[in-house]
Amino acid sequence: MARRIVLQSEDDPERPDPESLTIDYTEDLNPQQYEAATAGDGPLLIVAGAGTGKTRTLIYRLAYLVETGTRPEQIVLLTFTRRAANDMTARATNLLDGRCEKVQGGTFHAFCLQVLRRHAPALDLPRNFTVLDAADAADVLSVLRTRGTYADGEERFPQKQTLHNMFSSATNRDEALRQVLATRYTQYTGHLKALKQLRAEYREYKQAHGMLDFDDLLERTLELFDKHEEIRQKVAGQCRHVLVDEYQDTNALQAQLVKQFASVHGNVTVVGDDAQSIYRFRGADYKNIFRFPDEYPNAEVLKLEQNYRSTQPILDFTNHLIEQAERSYDKTLFSETEEGDLPALVPAADGEMESRFVAQMIMRLREDGVPLSDIAVLFRSGHNAYDLEVELNRRNIPFVKYGGLKLNEAAHIKDVLAHLKVAENPEDAASWNRILQLIHGIGPKTAQDLIAWATETADDPFVASDGTPFSSRYVSALKDLFETLRAIRDPDVPVAEQVETVLDYYQPILEKEYSDDYPKRAPDLEHLAGLAANYGSRTRFLSSMALDPIELTALEQEAAEDEEPPLVLSTIHSAKGLEFHTVFLIRALDGTIPSRHALREDEGVDEELRLFYVACTRAEENLFISYPMTQYRRSHGEYMTDPSRFVDDTPEEMLEPVQLVEEDAPDAVEPPDESDALPERSDPESAPGESSPSRPNPDPTDADELPF
């Protein structure tokens, strides 16, 4: 009789005894973190407050799953930046001696891109389809808009960027175009029929030319699963555990994708904080985090409330802030660091005084040993910091500003990448259009004729023989272009070498097209060449540049090795996830935060409250909230302002009022006399004299004095 050997099922591995685990989870984690990291199978929602160690918890969750029998290649970690995914998998790998290296990780878009590359033929797409970034997509829409009759009527038709935004909004929110127009683009409701036609034409054009935009990566993955059940089963079957970071920032499509990825095994862990959902303008729906227990009826909901970032006085204030939200998970952040300065509310006479206050406090902190790089000035929009930038430059305080242009959004970078995209996908009409119009003598009409020839007629689109009927005005330059494209068409040529070839060809074009400032643009191109050396294929390089672009402003102002790391100026959106010893939140005005646009939108003020909360929770030890009590507009002159409604009625034991006192003046700087001929306003963007609820400035007699 043969001996029987029972094989252990890979789908149901025996979990080892907890004592055999190599990591001491109880020692490394607090009780709430431990419960979350070591939870069993099934759906799990971890509501993680600001600074409570959510990343650490997710890393230990990842390690725990691997230690208890889940094969790492069957774990999918979805994040909103590639850097976050790489950081978490690297840290988990270090915990387990390399065992987490095979965890599948990346952004939603990157993971969907992998799925679509493998299964592109099922959607009648070439495997080398082009990924359009937002600017490329807008350019395609511009071409379609121009060649059609959409803009021929008397009524104004949307420009290319508006078209892209409205179509993207409809896709990400999973809404009908009619609904998007009715709620966000009412001025274009009369164009509904034409816009629906253009959107359909845009889809057909992308399909015909092997293109997908960012939204397609999500939408068409769902389409793939819907049309091909066997593919959904295969992909989801390989996702034994799905882990999602920042779940409050998911949109309608991403929430659906999470459900599809987890549809076979049912194991999904999502981590997020409803109080930090600030990307509604990108389609994020913070309600997804509230819907999770309904979408997954057996879901376990756990909280992380112990804060490791801020002092208790700062947390008392931010806890009070978020209590104003219409809806939130009930959680109270606490810290073992009970002592610390109260957050300060600092009214200044005007914007110039506010900037002097911030700059002087920064110098004082620097003298006290706080590095500039550990100080941040945050603001609602980039233009809020213009006055401060002037003051910082006057005092020679180095700074870097985040929230500006991305590397791949710069025109000269897009020029170079377009050549690589054509080599990758000769059907990419948008990139053809860009590189052809860089040639002197080729305009939009000629470019379209050449694109039609290259994509529909030519046997080899990279060859212009002498018999080809091209104008003598540009045929020589066209031959140079085709020679460059032939040199880089082979995907086996190293990516860095391809970039260098394009740069050699592009140099005279750069000097001609950007004659005023091409020397300033040259370092960006050098940086691009350096980045290319890190990639083994052109496909991966182009996908990475589209999906995870680098801040251009950070590159421009990066400190040299022998220079002091600079002060950080940042929009609040760009500062999310960061922390600083001291935070200055400037221009905290009604009409700025909350913005005047938010005041007119449903749930807009709640979103702005969360934005204000995110700014304040970046602070570790010091938090200063400042605003100018008067502002000037060219059309209306000087007017009174109101501080943000979010600091209204905040008890002084939570938010300390501060007076600014000039050194050569005996008294504090007081608010302008209300009897002056300055109209009082609550919305600095509306016209003086408009009626609005009055929120008076703090009484200077109750405030501490701060000489400067």
Side-chain angles (χ1 to χ4, degrees), residues 79 81-87 89 104-118 120 125-137 139 209-214 216-217 405-432 434-435 438 462 481 484-507 509-510 521-552 554-555:
T79 65
T81 67
R82 184 180 59 182
R83 181 180 300 176
N86 291 344
D87 178 61
T89 52
Q104 301 180 71
T107 64
F108 278 90
H109 293 87
F111 187 71
C112 288
L113 176 61
Q114 295 175 29
V115 173
L116 290 172
R117 290 276 188 218
R118 289 196 297 268
L125 286 168
R127 293 189 189 277
N128 66 334
F129 60 79
T130 298
V131 179
L132 302 172
D133 62 25
D136 293 332
D139 286 343
H209 291 85
M211 300 173 176
L212 295 182
D213 61 25
F214 281 3
D216 292 328
L217 296 177
L405 198 66
K406 304 288 187 182
L407 182 65
N408 70 334
E409 294 171 348
H412 50 300
I413 297 294
K414 291 184 70 65
D415 290 345
V416 173
L417 292 177
H419 291 79
L420 298 175
K421 289 178 180 179
V422 168
E424 179 74 7
N425 176 15
E427 295 291 319
D428 187 342
S431 295
W432 268 118
R434 187 176 193 94
I435 65 177
L438 291 173
F462 300 156
L481 169 62
T484 300
L485 295 175
R486 288 196 302 273
I488 65 172
R489 72 193 306 178
D490 185 350
D492 293 330
V493 175
V495 184
E497 185 176 325
Q498 294 181 45
V499 173
E500 291 292 351
T501 299
V502 174
L503 291 180
D504 288 343
Y505 162 79
Y506 181 68
Q507 185 62 34
I509 297 175
L510 174 72
R521 297 173 183 261
D524 297 336
L525 298 174
E526 292 175 9
H527 189 81
L528 183 71
L531 288 174
N534 298 322
Y535 292 86
S537 75
R538 182 175 61 218
T539 300
R540 287 187 58 239
F541 175 61
L542 290 174
S543 297
S544 175
M545 289 301 298
L547 296 177
D548 197 25
I550 297 169
E551 293 267 8
L552 182 61
L555 295 175

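All residue numbers refer to positions in the sequence shown, counting from 1. Source: prediction; values computed, not measured.
Here the straight-line distance linking atom CG of Leu217 with atom CG of Leu116 works out to 6.5 Å at 0.5 Å rounding. Between atom CG of residue Asp213 and atom NE2 of residue His109 there is a gap of 9.0 Å, rounded to the nearest 0.5 Å. In this structure, the separation between CG on Leu420 and CG on Leu485 is 9.5 Å, given to the nearest 0.5 Å. Between the CG atom in Asp87 and the OG1 atom in Thr79 there is a gap of 10.0 Å [rounded to 0.5 Å]. The structure places CG of Asp415 at 11.0 Å from CG of Leu503, a figure rounded to the nearest 0.5 Å. Rounding to the nearest 0.5 angstrom, the gap separating the CD atom in Glu526 from the CD atom in Glu500 is 9.0 Å.
Between Ser543 and Leu113, some side-chain heavy-atom pair lies under the 4.5 Å cut-off. When side chains are defined from C-beta on, Tyr506 does not count as touching Val499, because their heavy atoms never get closer than 4.5 Å. Under the 4.5 Å side-chain criterion, counting only non-hydrogen atoms from C-beta, His419 is in contact with Tyr505. Using a 4.5 Å heavy-atom threshold, the side chains of Val416 and Leu528 count as touching.
The minimum heavy-atom distance linking Ala85 with Gly106 is given by the pair CB-N, 3.5 Å. Heavy-atom minimum distance, Pro126 versus Ala120: O-CB, 3.8 Å. Minimum interatomic distance between Val495 and Gly536 (heavy atoms only, all atoms of both residues): CG2-C, 4.2 Å. Arg434 approaches Ala411 most closely through the heavy-atom pair NH2-O, 3.3 Å. Annotation for Pro491 and Gln498: closest pair O-NE2, 4.2 Å, computed over non-hydrogen atoms. Taking each heavy atom of Asp216 and Met211 in turn, the nearest pair found is OD2-O, 4.5 Å.
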Leu417/Leu542 under side chain to side chain contact (heavy atoms under 4.5 Å, CB included): CA gap, chis, key distance, verdict: CA-CA 8 Å; Leu417 292 177; Leu542 290 174; 4.2 Å; yes

Could you walk me through whether Leu525 and Ile413 satisfy the side chain to side chain contact (heavy atoms under 4.5 Å, CB included) test, starting with their C-alpha distance in whole Å, then the side-chain angles of each, then the deciding distance to 0.1 Å, before giving a yes or no? CA-CA 7 Å; Leu525 298 174; Ile413 297 294; 3.8 Å; yes

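Between Phe462 and Trp432, the ring-plane angle classifies as tilted under the 30° and 60° cut-offs.
Judged purely by atom type and a 3.5 angstrom limit, Arg489 has no side-chain atom pairing as donor or acceptor with the backbone of Ala423. A donor-acceptor pair under 3.5 Å is absent between the side-chain atoms of Asp504 and the main chain of Thr501, judged by distance alone. Of the possible donor and acceptor atoms, none in the side chain of Asp136 sits under 3.5 Å from a partner among the backbone N and O of Ala418. With hydrogens and angles ignored, the 3.5 Å screen pairs no side-chain donor or acceptor of Asp428 with any backbone N or O of Thr130.
For Glu424, the side-chain hydrogen bond (donor to acceptor under 3.5 Å, both in side chains) partners are Arg538, Thr539, not counting sequence neighbours.
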